[in-house]
Amino acid sequence: MAVPVRASMKWFFGSIQRCSVTKSLCTQVKTTENKVRCGGRVFSGIQPTGVPHLGNYLGALEQWAELQREYRSVLFSIVDLHAITVPQDPAHLRDNILDLTASLLACGIDPAHAVLFRQSQVSEHAELSWILGCLTSMPRLRHLPQWKMKSKGKNEGSVGLFTYPVLQAADILLYRSTHVPVGEDQLQHLELAQDVARIFNKQYGDLFPIPKALLSSTRRVKSLRDPSSKMSKSDPHRLATVSLTDSPDDIVLKFRRAVTDFTSEAVASARGLQTAQYKLLVAEAVIHRTAPLRAELGRLRADRGHLERVLTRGAQRARELAAPLLQEVHKRVGFC
Ligand SMILES: Nc1ncnc2c1ncn2[C@@H]1O[C@H](COP(=O)(O)OC(=O)[C@@H](N)Cc2c[nH]c3ccccc23)[C@@H](O)[C@H]1O
């Protein structure tokens with residue numbers, strides 16, 4: 001099958017993928033515009049489904065760390081309410097939340113610069129989600145990716161899975177966020193958040209800025225087994241996904257087995273190499289890039305108390321921002 005592993009490895013050679021989405025929806029991160037210290041507010045979220053993979057890192061987390069130095073106000077949430085839209089084992093979920101916290105810190109998220117918190121510890125998310133859900137039509141949600149993928153096309157999922165994107169809109173709007181760094185797979189969800197903000201503003205008066213997506217240069221890392229799909233935590237094929245905690249041997253194995261249509265003409269720095277040599281080169285680059293993260297992650301994971309404290313403090317700071325906004329929403333809709 002002629003499918004490009006090089007597409008999933010492009011970042012290594014510094015190739016910048018072109019943004020195919022309209023300018024109004026998204027902005028690529030490394031533009032001059034965004035290098036200026038911005039007065040806006042950045043918000044993003046990640047599901048606690050284990051240690052992040054290379055797609056999460058290159059598509060989102062790497063730029064999260066940069067943005068916290070560039071923006072005045074930055075919040076990152078571990079979205080555990082989203083995680084339970086599919087069945088979860090409670091003990092496993094608890095572990096995953098702390099493992100993800102350690103991973104985010106290892107990727108450079110600094111609680112002194114960014115508010116890092118668990119979504120379920122700030123109840124305003126769920127409450128705003130209800131209000132926004134009352135402004136959202138069912139047909140608008142039916143075609144969004146989470147529902148289409150996870151309900152298996154048979155309308156089999158839970159109500160929570162169906163309204164998942166409304167909760168995501170609430171996450172973003174609750175902080176009047178202006179910029180949302182995400183991978184390409186989240187753009188449709190962001191469009192919904194924009195629509196909901198417009199609907200609310202029209203009905204109740206201007207309150208929410210229309211949030212923009214910030215796409216990294218590596219906005220879609222593909223599965224190493226089936227490049228027609230994205231690299232994903234839920235991929236059942238063990239060799240499809242590179243986790244940040246994979247051992248160097250595992251990384252080499254996964255790239256060696258990766259599906260590719262590579263020809264050495266395609267990437268200047270690999271000219272003249274055979275496919276096997278090229279794959280090894282990329283595997284070594286990934287090992288080199290992830291080694292410091294692996295070491296730091298191991299250290300952070302050992303101190304569960306510290307991780308809990310980071311999340312508790314983060315939730316306090318998030319609530320200080322969320323409560324007055326929700327109060328204002330209450331006033332506008334007529335609750336007080
Ligand atoms: N293969 C890939 N290539 C490039 N980027 C990728 C790849 N896989 C994942 N990503 C990006 O990683 C981030 C977290 O992924 P999640 O699936 O947990 O991401 C999700 O499931 C969201 N619904 C979480 C969420 C909840 N509320 C939010 C509010 C704002 C932004 C995001 C959220 C995302 O930026 C995602 O785009």
Side-chain angles (χ1 to χ4, degrees), residues 5 7-11 17 19 21 26 29 41-65 67 74-86 96-97 99-100 103-104 107 109 117-120 122 125-126 128-129 132 144-147 149-150 160-161 163-175 177-194 196-197 211-235 240-244 318:
V5 77
S8 35
M9 301 167 176
K10 255 184 167 177
W11 61 273
Q17 293 182 332
C19 177
V21 196
C26 69
V29 170
R41 171 166 289 149
V42 168
F43 180 94
S44 199
I46 181 167
Q47 292 198 53
T49 35
V51 170
H53 54 70
L54 206 53
N56 295 134
Y57 180 65
L58 297 172
L61 305 184
E62 194 182 36
Q63 59 159 335
W64 287 13
L67 292 169
V74 178
L75 294 102
F76 298 124
S77 184
I78 294 176
V79 292
D80 46 4
L81 296 176
H82 279 103
I84 62 161
T85 56
V86 294
N96 276 346
I97 288 167
D99 278 352
L100 180 57
S103 306
L104 295 176
C107 289
I109 304 307
F117 71 102
R118 277 170 66 168
Q119 186 187 34
S120 64
V122 183
H125 286 249
L128 182 61
S129 175
L132 299 181
L144 293 178
Q146 290 295 322
W147 179 251
M149 274 162 39
K150 293 186 181 161
L161 185 64
T163 56
Y164 178 114
V166 179
L167 178 58
Q168 183 157 343
D171 297 341
I172 296 166
L173 300 182
L174 185 57
Y175 301 96
S177 313
T178 54
H179 293 83
V180 185
V182 280
E184 192 180 73
D185 60 318
Q186 296 300 317
L187 287 179
Q188 282 178 275
H189 290 156
L190 196 82
E191 259 178 319
L192 179 82
Q194 295 177 331
V196 173
K212 281 189 172 193
L214 292 175
L215 283 177
S216 74
S217 53
T218 319
R219 62 206 169 121
R220 183 177 164 88
V221 177
K222 300 182 180 184
S223 155
L224 295 186
R225 299 303 305 165
D226 171 14
S228 65
S229 47
K230 64 169 183 171
M231 186 175 284
S232 159
K233 288 172 204 169
S234 55
D235 196 317
T241 303
V242 176
S243 154
L244 293 185

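The first residue of the sequence shown is numbered 1, and numbering continues consecutively from there. Counting starts at 1 for both ligands and their atoms, following the listed order.
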Around atom 6 (C) of ligand 1, find the nearest protein heavy atom and jot down its residue, atom name and distance. G55 O, 3.4 Å
For atom 24 (C) of ligand 1, the protein heavy atom that lies nearest, with its residue and separation: G45 O, 3.6 Å
Of all protein heavy atoms, the one nearest atom 1 (N) of ligand 1 is V221 O, 2.7 Å
Taking L81's backbone N and O only, do any of them form a donor-acceptor pair with Q119's side chain (distance below 3.5 Å, no angle check)? yes
Ligand-residue contact atoms, ligand 1 with K230, heavy atoms, under 4.0 Å: 1 (N)
Does V180 approach ligand 1 within less than 4.0 angstrom via side chain, backbone, both or neither, non-hydrogen atoms only? side chain
Identify, for atom 8 (N) of ligand 1, the protein heavy atom at the shortest distance, and state residue, atom and that distance. H53 CE1, 3.5 Å
Proximity to ligand 1 by part of I172, non-hydrogen separation under 4.0 Å: side chain
Heavy-atom nearest neighbour of atom 19 (O) of ligand 1 within options Q186, R220, K222: Q186
Which atoms from ligand 1 have a heavy atom of A60 less than 4.0 Å away? 12 (O), 13 (C), 35 (O)
Correct closest heavy-atom pair for A213 and V182 would be CB-CG2, 4.2 Å
Which ligand 1 atoms are under 4.0 Å away from a heavy-atom of G59? 4 (C), 5 (N)
Anything under 30° is parallel, anything over 60° is perpendicular, the rest tilted; go ahead and classify Y175 against F43. parallel
In ligand 1, the atoms that come under 4.0 Å of a heavy atom of Y164 are 20 (C), 21 (O), 22 (C), 23 (N)
Which atoms of ligand 1 sit under 4.0 Å from any heavy atom of D171? 26 (C), 27 (N), 28 (C)
If only atom types and distance count, is the side chain of S129 paired as donor or acceptor with the main-chain N or O of A170 below 3.5 Å? no
Just which atoms of ligand 1 are under 4.0 Å from any heavy atom in M231? 1 (N), 2 (C), 8 (N)
Given that the side chain starts at C-beta and the backbone is N, CA, C, O, which of these parts of H82 lies under 4.0 Å from ligand 1, counting heavy atoms, or is it both or neither? side chain
Is it the side chain (CB and beyond), the backbone, both or neither of I46 that lies under 4.0 Å from ligand 1, heavy atoms counted? both
Closest approach of any protein heavy atom to atom 15 (O) of ligand 1, naming residue and atom: N56 ND2, 3.4 Å
With side chain to side chain contact (heavy atoms under 4.5 Å, CB included) as the criterion, how do W64 and V74 come out once you've worked through the C-alpha distance, each side chain's angles and the decisive distance to 0.1 Å? CA-CA 9 Å; W64 287 13; V74 178; over 6 Å; no
Is Q168 in polar range of ligand 1, meaning some N or O pair under 3.5 Å apart? yes
Ranked by distance from atom 16 (P) of ligand 1, the top protein heavy atom is Q47 N, 4.2 Å
Would the distance check show the side chain of K233 and the main-chain N or O of Q47 forming a donor-acceptor pair, the cut-off being under 3.5 Å? yes
Quick one: does Q194's side chain have a donor or acceptor within less than 3.5 Å of a partner on P211's backbone? yes
Can you tell me if T178 uses its side chain to pair, donor with acceptor, with the backbone of R41 under 3.5 Å? yes
Tell me if a side-chain donor or acceptor on S103 pairs with a main-chain N or O of D99 at a distance below 3.5 Å. yes
Does any N or O in the side chain of S177 come within less than 3.5 Å of the main-chain N or O of I172, such that one atom is a donor and the other an acceptor? yes
Taking non-hydrogen atoms only, is D185 closer than 4.0 angstrom to ligand 1 via side chain, backbone, both or neither? side chain
Backbone N/O of S232 and side chain of S223: donor-acceptor pair under 3.5 Å: no
Donor-acceptor contact below 3.5 Å, side chain Q63 vs main chain L214: yes
